[in-house]
Protein chains: 2
Amino acid sequence: MTENVRRSDATRAAILRAARERFAADGYERATIRAIAADAAIDPSMVMRYYGNKERLFAAAADFDLRLPDLTGLPRHAIGEIVVKHFFDRWDGDETLIALLRAGTTNPAAAERMREIFARQLGPVVARAARGAKGPTAEQRAGLVASQILGLALTRYVLRFAPVVALHRDQLVAWVAPTIQRYLVEDL
Amino acid sequence: MTENVRRSDATRAAILRAARERFAADGYERATIRAIAADAAIDPSMVMRYYGNKERLFAAAADFDLRLPDLTGLPRHAIGEIVVKHFFDRWDGDETLIALLRAGTTNPAAAERMREIFARQLGPVVARAARGAKGPTAEQRAGLVASQILGLALTRYVLRFAPVVALHRDQLVAWVAPTIQRYLVEDL
DNA sequence: GCATGCAGTCAACAACTGTTGGCCTACGCT
DNA sequence: AGCGTAGGCCAACAGTTGTTGACTGCATGC
């Protein structure tokens, strides 16, 4: 191999891309290694060679960064809208979070990963934004935000409730933003 | 058999009870017919005899009535609390809805059943309650309510986010009720 | 030019799945 | 008492799954 780039890196990436697609579309158990390998146009045994087993493949495919912006210093009345818009951007730009949502309902490791992502990434952001607000702790506020955000993803992208799917995202943002804002920074 | 009661009715009920438990705990694909039969202390082939196949068994086990109360005539300021409390009662008293939630993320038939339940049972109730309120249509309001309610069930009973699990239900009701109230009856 | 090692393929394994059909048993009617 | 039949069990099927190990080609080092 050359110094920096292994010849197999392209294959590894193809596997990961196919895995995210399949996990997002089918959930953990129905996304078979054979199907993922077929999508990546390689042999199933390569998946095993590079990722060991299915659980580790999922762990690799489900590495996700919410990329939450810093909310300190922003005008309070705009925070809800910014957060909801941001989540829509992440969902539309990367199906990994949908994969985690689908897999997390049946696979314990995926659920744990989901908890970890929201605790470690959403938690601190909420803690800073909610400083001084009365009522729930920062963790509790993060939990409330997660419930509304994930419920939105669930009904729109997974269960596909007709009215939620049909609505334009800007319209959804306008109606849901005040909820998030309340959970985030208002006295409760 | 006697006129009204077949001897097999007890078995049928045991199968259904075991099926609900397993579907709620494991989701659709990981809840195997063999495991359900073992829980009901009978042979797997009996499940097939009484319910035909796995999909029909699920359809029978996932028959669910939200039992939503009529909201007309209630004081507007109490509606949110009543609705959220009601859903907590249904979740805690019957795991069928959790089974539907778990299965709905990976099984298309379960997702369809979920859409059907919310459209047919939540839809009309919202339509009556929201009469006269400006903004979203009744279906859209029902979608918003579903997103928050299901998000709450998801984070508390399925993904088990620590802060949401630890909170007492009365505390959750107090914080979430205004959101539901807004989605239900307020001008948006 | 030849050995080394890596990328990739092929075929098979053992376990598990939903599902089927045949068989036994015991209740309930006449 | 005798018999039909419904309730139940056993064993097996075909397909699919994750996973493994032996094999082939090919590029790169000496």
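Naming convention: chains lettered A, B, ... in sequence-line order (proteins, then strands); numbering from 1 in each chain.
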### Message
Without decimals, in angstroms, what is the distance between D26(A) CG and dT16(D) C1'?
### Response
15 Å
### Task
Drop me the distance from H86(B)'s NE2 to L71(B)'s CG, to the nearest 0.5 angstrom.
9.5 Å
### Query
Hey, is the side chain of T11(B) poking within less than 4.0 Å of OP1 or OP2 on dG8(D), counting only N and O atoms?
yes
### Whole-Å gap separating P (dA12(C)) and CD1 (I33(A))
20 Å
### Query
Using the C1' atoms of five pairs at each end, what's the angle between the two axes of the helix from dG1(C)-dC30(D) to dT30(C)-dA1(D), to 10 degrees?
0°
### Message
Please determine whether the number of non-hydrogen atoms from other residues, nucleotides or ligands lying under 6.0 Å from atom CZ of R90(A) exceeds 12.
### Response
yes
### Message
Which residues in residues 35-45 of chain B have a heavy atom closer than 4.0 Å to any atom of DNA chain C?
### Response
S45(B)
### Task
To the nearest Å, give me how far apart CG (D9(A)) and P (dA7(C)) are.
9 Å
### Task
Could you check which residues of residues 48-55 of chain A get a heavy atom under 4.0 Å from DNA chain C? Sort them by number, please.
R49(A), Y50(A)
### Task
May I have the distance from R30(A) (atom CZ) to dT17(D) (atom P), rounded to whole angstrom?
11 Å
Only distances under 3.5 Å count here; give the side-chain donor-acceptor pairs of residues 24-34 of chain A to other protein atoms, sequence neighbours excluded, each with its distance to 0.1 Å.
residue: Y28(A); atom: OH; partner: E55(A); partner atom: N; Å: 3.4
residue: E29(A); atom: OE2; partner: T106(A); partner atom: OG1; Å: 2.3
residue: T32(A); atom: OG1; partner: A35(A); partner atom: N; Å: 3.0

### Query
Quick one: Y28(A) OH to dG18(D) P, roughly how many Å, whole number?
8 Å
## Note on the structure
Between W175(B) and Y183(A), the two heavy atoms sitting closest are O-CE2, 3.7 Å
### Task
Could you tell me which non-hydrogen atom of R115(B) sits nearest to which non-hydrogen atom of E112(B), and how far apart they are?
NH2-OE1, 2.8 Å
For residues 59-70 of chain B, please give each side-chain donor-acceptor pair under 3.5 Å, one per line with the distance, not counting sequence neighbours.
residue: D65(B); atom: OD1; partner: R67(B); partner atom: N; Å: 2.8
residue: D70(B); atom: OD1; partner: T72(B); partner atom: N; Å: 3.3
residue: D70(B); atom: OD1; partner: T72(B); partner atom: OG1; Å: 3.2
residue: D70(B); atom: OD2; partner: T72(B); partner atom: OG1; Å: 2.8

### Task
Calculate the interatomic distance between M46(A) atom CE and dT9(C) atom P; express it in whole Å.
7 Å
### Message
Checking the side chain of Y51(B) only, and the main-chain atoms of R12(B) only, is there a donor and an acceptor separated by less than 3.5 Å?
### Response
yes
### Message
If you compare all heavy atoms of R182(B) against all heavy atoms of T179(A), which two are closest, and at what distance to 0.1 Å?
### Response
NH1-OG1, 3.3 Å
### Query
Between the side chain of R76(A) and the main-chain N/O of V185(A), is any donor-acceptor distance below 3.5 Å?
yes
### Query
Under 3.5 Å, side chain of R156(B) to main-chain N/O of V164(B), donor-acceptor pair present?
yes
### Query
How many Å lie between CZ on R34(B) and P on dG18(C), as a whole number?
7 Å
### Query
What's the CZ-P distance between F58(B) and dG18(C), to the nearest Å?
14 Å
### Message
Just to verify, what does Y157(A) make a ring pair (Phe, Tyr, Trp, His ring centres under 6.0 Å) with, not counting sequence neighbours?
### Response
W91(A)
